[in-house]
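Input: a single structure, listed below in structure tokens.
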There are 2 protein chains.
Amino acid sequence: MVEKKNSSTEQKILEAAMLEFIEKGMAGARMQEIANRAGINKALLHYYYRSKDKLFGVVFRQVFHAIAPKFSTIFQSEEDLFDKIRHFVSEYISLIHSTPHIPVFVLHELSSNPGRLSESFMDISINFDRLKQQIDEAVEGGRIKPIVPEDLIINIISLCIFPIIARPIIMPVLYEDNPDQYNQMIERRKTQAAEFIINAIKS
Amino acid sequence: MVEKKNSSTEQKILEAAMLEFIEKGMAGARMQEIANRAGINKALLHYYYRSKDKLFGVVFRQVFHAIAPKFSTIFQSEEDLFDKIRHFVSEYISLIHSTPHIPVFVLHELSSNPGRLSESFMDISINFDRLKQQIDEAVEGGRIKPIVPEDLIINIISLCIFPIIARPIIMPVLYEDNPDQYNQMIERRKTQAAEFIINAIKS
DNA sequence: ATTTAGTTTAACCAATTAGTTTAACCAATT
DNA sequence: AATTGGTTAAACTAATTGGTTAAACTAAAT
């Protein structure tokens, strides 16, 4: 018992639950397995989080928070539009690459459980106002080609997230299952994807 | 009993199973619910497909085939590169938009079941050779900016699929939960996404 | 020394679920 | 009329699983 008893147990449970839920989804996750991963037993698990539902709710919110707020922080900054795109693409690809299963987990749960989880957006303030404004200004100032701000935002995010969540398909199909080649591609994207976007819009 | 008895039962089961599996995933799907959806009873369901595993295998393969081969057919054609991109983007967005849950389903199952399903790629011949060649030629001929063919292919596919699978996030966050606005965006993309890509690469 | 919060062990309950079995039914075939 | 293949209904098995309970143990705090 080197452990300081309780202290981090709640946290250990949460981390174990995150792993299990992200890997197997709500339906596929097992409370026993979460307990195992946390190095505790089932009774204690229920002692901390009364039910699977409750625990899942906490995990989902936490996981969602882990990837969503980055939007605001970078997008609301006062950088130049092009630099902001470069900055965001690089940072966001790094973030997602470090936790590649999260987006699929979130999308799958939202997809198979429409409604119930939509509250999760409520508390998160994803704010694109400054970025939208910047895009509009750049369009009107003739710096970039006409584009609906929302469309550009969607393009940027698509190019960051999809190549990472589609790894199980991309790696075998395009890179003969060679992880190095795949990782090189992701590294490349941190700069290349941004330039791709900028080339697409600059007039 | 207007039905011609057996004949289409196997097909009805398959369709019901597709719905259930795509919606709930392998772990969340229920054999009883599949039987209900097919309008038959559980005994008959097992009579046709011995086990859930077997049924899932058939469904997964079939679902995967439904969205993968389009790659080859369009990408191997002898169209001009830019037209091919326009053609593919429009067709593929339409296809995915008509069955928006499939990509998330596939990615989720591949993600939570690495290995076991990788055989599914085997039989499918996704062939990008002609497209890669075309891109290389266009780069060497100076028609487009230098780019690794694989990178461009990934960009194209990302811009088609992601905006559709991320609908549960995009619609509330960017369009105040208004489906019309969302659908307009998807319609717009059928042409705009292609032009975005072409602008990004043409020199 | 006693209390207390955290923890374990192990048994247990109730519900769900994949899969099986049996008997009967129906419609077309022979 | 008898056979046959598809089908149903319903009961059942066996395993899994979420959740509970009760008793005992441990270490720190009082």
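Only this structure's heavy atoms are used, side chains among them; waters, hydrogens and symmetry mates stay out. Below, read A as the first sequence line, B as the second, and so on, with proteins coming before strands; counting in each chain starts at 1.
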What about B/Phe105 and B/Phe21, are their ring centers closer than 6.0 Å?
no
Would you please name every residue forming a salt bridge (Lys or Arg N to Asp or Glu O under 4.0 Å) with B/Lys52, sequence neighbours left out?
none
Taking a pair to mean Watson-Crick or G-U wobble geometry with both distances below 3.5 Å, D/dT20 pairs with C/dA11
Looking at side-chain heavy atoms only, is the closest gap between B/Gln76 and B/Phe128 below 4.5 Å?
no
Which whole-number value in Å describes the distance from A/Asn41 CG to C/dA10 P?
10 Å
When all nucleic acid strands are considered with a 4.0 Å heavy-atom cut-off, which category describes A/Ala29: base, sugar-phosphate, or nothing?
sugar-phosphate
Mind checking B/Ala35 for me? I need base, sugar-phosphate or nothing, with any heavy atom below 4.0 Å counting as a touch.
nothing
Could you state the atom-to-atom distance from CG of A/Leu45 to C1' of D/dT21 in whole Å?
16 Å
Can you see whether B/Gln192 engages B/Arg189 through a side-chain donor-acceptor pair at a distance of less than 3.5 angstrom?
no
Does the ring of A/Phe82 carry A/Arg143 above it, NZ/CZ under 6.0 angstrom from centre and within 45° of its axis?
yes
Between C/dA18 (C1') and B/Glu33 (CD): distance, integer Å:
15 Å
Could you tell me whether the phosphate oxygens of C/dA18, OP1 or OP2, come under 4.0 Å of any side-chain nitrogen or oxygen in B/Arg30?
yes
D/dT13 pairs with, by Watson-Crick or G-U criteria that keep both distances under 3.5 Å:
C/dA18
Are A/Arg86 and A/Asp80 within salt-bridge range, i.e. N to O under 4.0 Å?
no
Can you tell me if the side-chain N/O atoms of B/Tyr47 get under 4.0 Å from OP1 or OP2 in D/dT7?
no
Presence of salt bridge, B/Arg130 and B/Glu78, under 4.0 angstrom:
yes
Does anything in residues 18-26 of chain A reach DNA chain C, meaning a heavy atom under 4.0 Å, and if so which residues?
none
Under 4.0 Å between a side-chain N or O of B/Thr9 and OP1 or OP2 of D/dT7?
yes
Integer-rounded Å distance: D/dA10 P and B/His46 NE2
19 Å
A/Phe56 CZ to D/dT17 P, straight-line distance once rounded to whole Å
18 Å
Without decimals, in angstroms, what is the distance between B/Met31 CE and C/dA18 C1'?
7 Å
For the side chain of A/Lys42 and the base of D/dG19, is some donor closer than 3.5 Å to an acceptor across the two?
yes
Take the protein atom CD1 of A/Ile13 and the nucleotide atom C1' of C/dT7, then report the distance between them rounded to whole Å.
11 Å
Can you tell me how the ring of A/Tyr175 sits relative to the ring of A/Tyr182, calling it parallel under 30°, perpendicular over 60° and tilted otherwise?
perpendicular
Can you check the A/Leu44 CG to D/dT21 C1' distance for me, whole Å?
15 Å
Please give the nucleotide sitting opposite C/dT30 as a Watson-Crick or G-U wobble pair, both distances under 3.5 Å, or none.
D/dA1
Between A/Tyr48 and C/dT7, is there a contact of a side-chain N or O with OP1 or OP2 at under 4.0 Å?
yes
